[in-house]
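The block underneath contains the structure these notes are about, expressed in structure tokens.
Counting from 1, the numbers follow the sequence of the chain as shown. Computed over heavy atoms, backbone and side chain alike; hydrogens, waters and symmetry mates excluded.
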Amino acid sequence: MSDAVGPWLVVGLGNPGPEHAANRHNVGFMVADLLAERMGGRFKAHKARAQVVEGRVGPPGPGSRRVVVAKPLSFMNLSGGPTTALRDFYKVPVANIVAIHDELDIDYGALRLKLGGGDNGHNGLKSITKSLGAEYHRVRFGIGRPPGRMQVADFVLKDFSSAERRELDYFVDRAADAVETLIVDGLERAQSSYNT
């Protein structure tokens, strides 16, 4: 898609604050941070209750795409408000919105990209879908299921384990690659390269 239909909006989902920075639930923020670093930008406060970086991804020239990377500052279960405000501000078609989020039903580090679908009990997606409808892209980052009898809420709000942290940078890097491929080359190419 060309810039004629507006930029892409990439929304990393997570909870604001240093106490949540390394939580499993904040893997969307981690991927957003890496994308911003690759674009050479720094997050700035936006009136939409989010931090944003504006830049381009893809090869220089007509193949590059205008992108806004955002981290909502509203807490996960209210992500729809800032996402909708950013969509309106930057005039982004819903089909050009990408949400990056943690996914319990996928093994740790595995990725699945898709357009539309349900929220699978994820409160961030539930909030965005309520505000925008379901026809936005998702990059689902597997965190696996909680061990034993641990509650889901406790599991997602815990930091990655030391064993998981050994591979975390690699998986976050791969997720950022997947987002860039989705934006530049389209969903099918990204799915065939990164869905596991």
Side-chain angles (χ1 to χ4, degrees), residues 9-37 43 45-46 48-53 68-86 97-114 117-132 134 136-179 182 194-196:
L9 173 60
V10 177
V11 182
L13 298 185
N15 288 310
E19 69 276 20
H20 297 294
N23 290 177
R24 291 183 178 93
H25 221 20
N26 271 42
V27 75
F29 274 17
M30 296 172 196
V31 177
D33 285 339
L34 180 57
L35 286 166
E37 188 181 307
F43 281 101
H46 191 280
R49 286 182 306 140
Q51 291 183 318
V52 300
V53 171
V68 178
V69 177
K71 298 191 295 186
L73 298 178
S74 57
F75 286 94
M76 183 69 84
N77 59 352
L78 299 172
S79 300
T83 303
T84 302
L86 290 167
I97 295 174
V98 182
I100 311 166
H101 64 92
D102 57 306
E103 178 61 63
L104 289 159
D105 289 334
I106 303 175
D107 290 340
Y108 172 62
L111 294 175
R112 300 266 167 76
L113 288 79
K114 66 184 215 172
D119 57 52
N120 205 19
H122 192 287
N123 289 332
L125 294 182
K126 202 174 287 183
S127 177
I128 292 173
T129 298
K130 188 175 172 190
S131 296
L132 295 176
Y136 56 93
H137 290 89
R138 298 101 191 276
V139 174
R140 304 157 72 204
F141 186 112
I143 60 168
R145 301 294 304 182
R149 295 169 181 262
M150 186 187 289
Q151 294 295 312
V152 165
D154 294 333
F155 179 70
V156 299
L157 292 175
K158 279 202 177 344
D159 290 357
F160 285 100
S161 70
S162 55
E164 288 169 333
R165 280 199 300 274
R166 282 198 284 276
E167 294 182 294
L168 184 59
D169 286 348
Y170 168 76
F171 289 138
V172 167
D173 195 65
R174 196 164 176 275
D177 290 346
V179 172
L182 165 64
Y194 294 100
N195 274 13
T196 46

Gly14 and Asn26: which non-hydrogen atoms are nearest, and at how many Å? CA-OD1, 3.5 Å
What is the minimum heavy-atom distance between Ser127 and Gly80, and which atoms define it? OG-N, 2.7 Å
For Gly118 and Leu125, work out which heavy atoms get closest and say how close. O-CD1, 4.5 Å
Rounded to the nearest 0.5 Å, the CD atom of Glu167 sits from the CZ atom of Phe160 at a distance of 11.5 Å
Could I get the full list of salt bridge (Lys or Arg N to Asp or Glu O under 4.0 Å) partners for Arg138, not counting sequence neighbours? none
Hey, could you give me each pair passing salt bridge (Lys or Arg N to Asp or Glu O under 4.0 Å) that has a residue in residues 77-86? Not counting sequence neighbours. none
Would you say Arg140 and His101 make side-chain contact, with heavy atoms under 4.5 Å? yes
I need the full list of side chain to side chain donor-acceptor pair (under 3.5 Å) pairs touching residues 10-20, with sequence neighbours left out, sorted by first then second residue. His20-Asn23
Nearest 0.5 angstrom please: Ile100 CD1 to Leu13 CG, how far? 8.0 Å
Pairs satisfying salt bridge (Lys or Arg N to Asp or Glu O under 4.0 Å), at least one member in residues 146-159, at least two apart: none
Quick one: list whatever passes side-chain hydrogen bond (donor to acceptor under 3.5 Å, both in side chains) with Thr84, sequence neighbours left out. none
Taking side-chain contact (heavy atoms from CB on, under 4.5 Å) as the definition, give me every residue that meets it alongside Pro147, ordered by chain and number, with sequence neighbours left out. Met150, Phe155
Roughly how far, to the nearest 0.5 Å, is CG of Leu86 from NE2 of His46? 5.5 Å
So which atom in Ala175 and which in Phe141 form the shortest heavy-atom distance, rounded to 0.1 Å? CB-CD1, 4.0 Å
List in chain and number order the residues that pass side-chain hydrogen bond (donor to acceptor under 3.5 Å, both in side chains) with Glu37, two or more places apart in sequence or in another chain; answer none if no residue qualifies. none
Answer whether the closest heavy-atom distance between the side chains of Tyr136 and Thr129 falls below 4.5 Å. yes
Any heavy-atom pair between the side chains of Ile97 and Ile128 that's under 4.5 Å? no
With sequence neighbours excluded, give me every side chain to side chain donor-acceptor pair (under 3.5 Å) pair touching residues 104-114. Asp105-Asn120, Asp105-Arg145
For Ser161, the side-chain hydrogen bond (donor to acceptor under 3.5 Å, both in side chains) test, sequence neighbours excluded, returns Glu164
Looking at CG of Leu111 and CD1 of Ile106, how far apart are the two atoms once the value is rounded to the nearest 0.5 Å? 8.0 Å
Residue pair Val31 / Val139, side-chain heavy-atom distance below 4.5 Å: no
Identify all side-chain donor-acceptor contacts of residues 68-79 below 3.5 Å with residues at least two apart in sequence or on another chain.
residue: Lys71; atom: NZ; partner: Asp33; partner atom: OD1; Å: 2.6
residue: Ser74; atom: OG; partner: Leu78; partner atom: O; Å: 3.1
residue: Ser79; atom: OG; partner: Met76; partner atom: O; Å: 2.7

Enter the distance from Asp177:CG to Leu35:CG here, rounded to the nearest 0.5 Å. 9.0 Å
Hits for side-chain hydrogen bond (donor to acceptor under 3.5 Å, both in side chains) against Asp102, two or more places apart or cross-chain, chain-then-number order -> His25, His122
To check you understand the geometry: which heavy-atom pair defines the closest contact between Gly81 and Ser131, and what is its length? N-OG, 4.2 Å
Can you list every salt bridge (Lys or Arg N to Asp or Glu O under 4.0 Å) pair that touches residues 118-129, not counting sequence neighbours? none
